[in-house]
Amino acid sequence: VEDARPRYEAMFAALESAGVDREDLMQAWDWRTASGDVLRGDLLAMRDDALTHLTTDAIQCTVDSVVEPDTGRVGRRVRGTFKVPLYMDADATGSHLVRDAAGTPSFSGWADVPFTVSIPRSLMGPDAEPGRLVQFGHGLMGQGSEELQSGFATRFSDDYSAVMLATDWQGMTRTDLITVARALSDLTQFSAVADRLLQGMVGQVALTRSFLGPCSDLPELTVGGHPAYADDAAYFIGISQGGILGGTFLTISPDIERGALLVGATNFPYTMTRSLNWREYELILKAWYEGRVDRELGVAVIGSLWDRSEPNAWLPHLTAGDLPNTPPKRVLYQIARHDLQVQNLMSEVAVRDLGIP
């Protein structure tokens, strides 16, 4: 109590200067908030540095497999890896950011990250014109390669002549499940999840830059002697988790100016704990944090780490384009009414953050 006294004296003085006399005061408290630099500084520094490494000579893509299904709406599926600037102490789940002496995330090498490109059957004909390139953000703890095979993605791609492009959202993908489980058993380990989500955002930026650039020349992405898609613009569609994290990615993307956030929201600590999926995750948390109040406080506290990559701190800047080296965006925001996994309340908060009336 004595250690806290100077801070409270400063608070009482501030209140008195605002006309609230101490003798009339019943209760007061103060708390610390984060600055924009704290919330956004790491990711903006990583993005800007990554773009200096993603030159035409440095961008690389390697094709591992090409499949052309006999039936269905997919004409060709191309899978492989692309090079992403790395800012972690390892290219693996559970890793942490590498920082320089000033505390800024530091380039530590290159990572080979998986990609999937899905060319619809509507673009496979000899007379087909090049389609649009659409980057896809997958759902909760999923994988880009799998969700590009979903009914929605294949229908959308074929109906609108869109070449779909995806990678895994590092930090919250299937390979990160063990790290998430470890963090739920010891919340002091959550920084590993939060750090890798920042690296995942760099991966999304690198994916766009690579496939609008040199990777668009891969022979596997040509049909009938011409490119499958035009390389003058790219678009984004994110669904559920992809619609949430996609708000951050769209904000920072230097190459995409239009996107759709489907079943989107903000504030993962609130949204996750009120999701149908939380039943399984809370089983782990309950085993180590028996008290309900302890669990609520713990999840709220880790939000300060999550805020660096999730849309809380980013959506107000998405359409404004007022962050450094960041163009303004146009966005379609779609809410799934009465959704059991993504609460409409948090979707509406996200919409207000965007300034949509």
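Counting side-chain heavy-atom gaps under 4.5 Å among Ile, Leu, Val, Met, Phe, Trp and Tyr, the cluster of Tyr270 also holds Leu345, Met346, Val349.
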Report the C-alpha separation of Glu9 and Arg22 in whole Å, then their side-chain angles, then the decisive distance to 0.1 Å, and conclude whether the side-chain contact (heavy atoms from CB on, under 4.5 Å) test is met. CA-CA 10 Å; Glu9 291 297 339; Arg22 186 165 177 168; 2.9 Å; yes
Criterion side-chain contact (heavy atoms from CB on, under 4.5 Å) on Leu187 and Tyr289, from CA distance to verdict: CA-CA 10 Å; Leu187 292 177; Tyr289 300 89; 3.7 Å; yes
Are Leu218 and Cys61 close enough, and set up right, to give a side-chain contact (heavy atoms from CB on, under 4.5 Å), and what steps lead you there? CA-CA 8 Å; Leu218 289 170; Cys61 297; 4.0 Å; yes
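Between Trp306 and Phe268, the ring planes lie parallel to each other; the angle is under 30°, not in the 30° to 60° tilted range.
Transitive grouping of hydrophobic side chains (ILVMFWY, heavy atoms separated by less than 4.5 Å) keeps Val301 and Leu285 in distinct clusters. The same ILVMFWY cluster, assembled from side-chain heavy atoms under 4.5 Å apart, contains both Leu97 and Met201.
Side-chain contact, Asp57 with Thr55: no donor N or O sits under 3.5 Å from an acceptor N or O. Gln135 and Thr208 share a donor-acceptor pair across their side chains, judged by distance under 3.5 Å alone. Counting only N and O atoms by type, the side chains of Thr93 and Asp176 include a donor and acceptor under 3.5 Å apart.
A 6.0 Å sphere centred on CZ of Arg274 holds more than 12 heavy atoms belonging to other residues, nucleotides or ligands. Within 6.0 Å of the CZ atom in Arg79, the count of heavy atoms belonging to other residues, nucleotides or ligands exceeds 12. Counted within 6.0 Å of CZ on Arg99, heavy atoms from surrounding residues, nucleotides or ligands total more than 12; the atom is thus considered enclosed. Taking a 6.0 Å sphere around OH of Tyr160, one finds it holds 12 or fewer heavy atoms contributed by other residues, nucleotides or ligands. Open room surrounds CD on Glu257; 12 or fewer heavy atoms of other groups in view lie less than 6.0 Å from it.
Using a distance-only test at 3.5 Å, with no hydrogens or angles considered, no donor-acceptor pair links the side chain of Glu310 to the main chain of Thr248. Under the 3.5 Å distance criterion, the side-chain polar atoms of Ser122 are left unmatched by any main-chain donor or acceptor of Pro120. Side chain of Thr326 to main chain of Asp322: no donor-acceptor pair is present (N/O by atom type, distance under 3.5 Å, no hydrogens or angles). No donor-acceptor distance shorter than 3.5 angstrom exists from the side chain of Ser210 to the backbone of Cys215, with no hydrogens or angles considered.
At least one side-chain heavy atom of Arg76 sits under 4.5 Å from a side-chain heavy atom of Val66.
Between Ser95 and Arg196, the closest heavy-atom pair is OG-NH1, 4.3 Å.
The pair Arg295-Glu282 meets the salt-bridge criterion, with a side-chain N (NZ, NE, NH1 or NH2) lying under 4.0 Å from an Asp/Glu carboxylate O. With salt bridges taken as basic N to acidic carboxylate O contacts below 4.0 Å, none links Glu68 and Arg121. Using a cutoff of 4.0 Å between basic side-chain nitrogens and carboxylate oxygens, Asp195 and Arg308 are scored as salt-bridged. Glu296 has a carboxylate O that lies under 4.0 Å from a charged side-chain N of Arg292, or vice versa, which qualifies the two as a salt bridge.
Here the CD-OG1 distance, from Gln170 to Thr167, works out to 6.5 Å after rounding to the nearest 0.5 Å. Rounded to the nearest 0.5 Å, atoms CD1 (Ile256) and CZ (Phe236) are 7.0 Å apart.
In this structure Leu25 satisfies the side-chain contact (heavy atoms from CB on, under 4.5 Å) test together with Phe12, Leu15, Val20, Ala28, sequence neighbours excluded.
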I'd like a table of donor-acceptor pairs (distance under 3.5 Å, sequence neighbours excluded) in which one partner is a side-chain atom from residues 223-234, with atom names and distances.
{"from": "His226", "atom 1": "NE2", "to": "Ala128", "atom 2": "O", "distance (Å)": "3.0"}
{"from": "His226", "atom 1": "NE2", "to": "Val223", "atom 2": "O", "distance (Å)": "3.2"}
{"from": "Tyr229", "atom 1": "OH", "to": "Phe211", "atom 2": "O", "distance (Å)": "2.6"}

